[in-house]
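Below is one structure, written out as structure tokens; the observations come after it.
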2 protein chains.
Amino acid sequence: MKKITIGEAARRSGVKVPTVRYYESIGLLAAPSRSEGNQRSFEPADINRLTFIRHARELGFEIEAIRTLLTLQDDPHQSCASADAIAKARLVEVEQRIRSLMALKAELETMVEGCGHGRVDQCRVIEVLADHGQCTHPHH
Amino acid sequence: MKKITIGEAARRSGVKVPTVRYYESIGLLAAPSRSEGNQRSFEPADINRLTFIRHARELGFEIEAIRTLLTLQDDPHQSCASADAIAKARLVEVEQRIRSLMALKAELETMVEGCGHGRVDQCRVIEVLADHGQCTHPHH
DNA sequence: CCTACATCCTCTAGCGACTAGAGGTGCAAG
DNA sequence: CTTGCACCTCTAGTCGCTAGAGGATGTAGG
């Protein structure tokens, strides 16, 4: 079997080198075997695991959620109810975040549109921040 | 003039007590005068400043951006071009974040819908994470 | 005046998920 | 054999707070 260095693992998985070491340090990835010169030597399975982690992180799952998802993946005969629950919870979070960002977007647009590019004392950006009563969307 | 304690300032501005002290420590808020017993004594202007900061934070502005906005507010004869640029940049960020979250939402929905609530080896949640080629939206 | 009790003070450490840098070793090509 | 990159460990820093220890102050009731 050919040895996969950490740099190679990083390139194949899309996870940065220091981040791979970090994942090992927090026990998300098992410590790989070492070469004679003490360098990490990864297996193809490690690349899959790293890729899984990267995808999950890109979808905004927290490390602890990923830890749970990984233990599920490691034992494929378990019920997938936990995985389902984790994904559903994440979906709810994302939907809330979208709603809040949409309100925010509207408010920023009002600020930017109202700005006559003159002096600060006529600037709507500063004005809205200073007096929240002017918010068009009193969401907070 | 009546003295405003840190607790009162926190209540009026909506910023928590330790956060007020934190803002002072990073120089976002001038150190207020102290009572005989070394307790902070705020002015009404401090409440306004804290409220400004809170609004800006709620809109997702970073501390350094707020620092700039505050120096603009302190000198109302300046051009508001900087404030305008900061708000516009923030708007662009928010719009990008919304787009990315919408793609993410679609992907999570596919995962959750596809889950037959059976065993892990048939679970679409795990499957999609393990093999990103299955993503309906190849946004990343 | 004394006693509770809330509020205040400073200081340090912790959160999540990395990222950066120092200072040193291994390894492959020319 | 030397150059130079990739690797190693370790510590500290990032952002914006938050929590807790351990002690001082301020206020209201008895």
Side-chain angles (χ1 to χ4, degrees), chain A residues 2-29 31-42 46-47 49-70 86 89-90 93 97 140, chain B residues 2-29 31-42 46-47 49-70 86 89-90 93 97 140:
Chain A
K2 55 230 154 201
K3 54 192 168 179
I4 303 172
T5 66
I6 196 169
E8 181 66 14
R11 228 169 305 116
R12 288 205 215 164
S13 65
V15 176
K16 287 183 203 157
V17 168
T19 308
V20 174
R21 284 195 278 253
Y22 169 70
Y23 287 160
E24 183 189 325
S25 81
I26 60 168
L28 212 55
L29 190 70
S33 57
R34 299 289 182 123
S35 74
E36 283 191 23
N38 196 33
Q39 302 205 350
R40 288 172 182 80
S41 180
F42 293 91
D46 295 322
I47 311 295
R49 199 171 175 96
L50 282 169
T51 307
F52 185 103
I53 297 170
R54 181 173 62 81
H55 291 163
R57 287 294 301 137
E58 280 169 354
L59 292 172
F61 288 97
E62 290 173 5
I63 294 287
E64 285 317 301
I66 295 173
R67 205 185 287 276
T68 306
L69 290 170
L70 282 167
I86 291 169
R90 178 73 194 130
E93 275 171 37
R97 190 91 187 103
H140 40 265
Chain B
K2 56 228 153 201
K3 55 192 167 178
I4 302 172
T5 66
I6 195 169
E8 181 67 13
R11 229 169 302 118
R12 288 204 216 164
S13 65
V15 176
K16 287 183 201 157
V17 169
T19 308
V20 174
R21 285 196 277 251
Y22 170 69
Y23 287 160
E24 182 188 325
S25 81
I26 60 168
L28 212 54
L29 189 70
S33 57
R34 299 288 181 123
S35 75
E36 283 192 25
N38 196 34
Q39 302 205 349
R40 287 172 182 81
S41 181
F42 293 91
D46 296 321
I47 311 295
R49 199 169 175 96
L50 281 169
T51 307
F52 185 104
I53 297 171
R54 181 173 62 82
H55 292 163
R57 286 295 300 137
E58 280 168 355
L59 290 173
F61 289 97
E62 290 173 5
I63 294 286
E64 285 317 302
I66 295 173
R67 206 185 287 277
T68 306
L69 290 170
L70 281 167
I86 290 170
R90 178 73 195 130
E93 275 170 38
R97 191 90 188 103
H140 41 265

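None of the values given here were measured: they were computed from a predicted structure. Residue numbers start from 1 in every chain, and the chains themselves are labelled A, B, ... in the order their sequence lines are given, proteins ahead of strands.
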Q) Is there a side-chain contact between A/L29 and A/L50 (heavy atoms, below 4.5 Å)? A) yes
So side-chain hydrogen bond (donor to acceptor under 3.5 Å, both in side chains) across residues 9-21 of chain B, not counting sequence neighbours, yields B/E8-B/R11, B/E8-B/R12
To the nearest angstrom, the CD-P distance between A/E24 and C/dA17 comes to 19 Å
Side chain proximity check, B/R57 to B/I66, heavy atoms < 4.5 angstrom: yes
In 5'-to-3' order, the base (B), backbone-only (S) or no-contact (-) status of each nucleotide in nucleotides 6-12 of chain C, using a 4.0 angstrom heavy-atom cut-off, is --SSB--
Closest non-hydrogen atoms of A/I6 and A/V17, given as atom of the first, atom of the second and distance, are CD1-O, 3.8 Å
Inset, instruction - Could you tell me whether the side chain of B/L28 reaches within less than 4.5 Å of the side chain of B/Y22, counting heavy atoms only? - result: no
A/E62 meets the side chain to side chain contact (heavy atoms under 4.5 Å, CB included) criterion, sequence neighbours left out, with none
Query raised in the report: Given side chains that start at C-beta, do those of B/V15 and B/I53 come closer than 4.5 Å, heavy atoms only?
Result: no
Between N or O atoms, less than 3.5 Å apart, protein on one side and nucleotides 2-4 of chain C on the other: list the pairs.
none

Separation between CZ (A/F61) and OG1 (A/T68), nearest 0.5 Å, reads 11.0 Å
Point to revise | Salt-bridge criterion met for A/E58 and A/R54 (N-O under 4.0 Å) | key: yes
Report all interatomic pairs (protein N or O, nucleotide N or O of nucleotides 13-21 of chain D) with separations under 3.5 Å.
residue	atom	partner	partner atom	Å
D/dG16	OP1	B/I63	N	3.4
D/dC17	OP2	B/Y23	OH	2.8
D/dC17	OP2	B/R57	NE	2.8
D/dT18	OP1	B/K16	NZ	3.4
D/dT18	OP2	B/T19	OG1	3.1

Here the distance between atom P of D/dC8 and atom CD of A/E36, to the nearest Å, is 15 Å
Those residues at least two apart in sequence (or on a different chain) that pass side chain to side chain contact (heavy atoms under 4.5 Å, CB included) with A/S41 are A/K3, A/S33
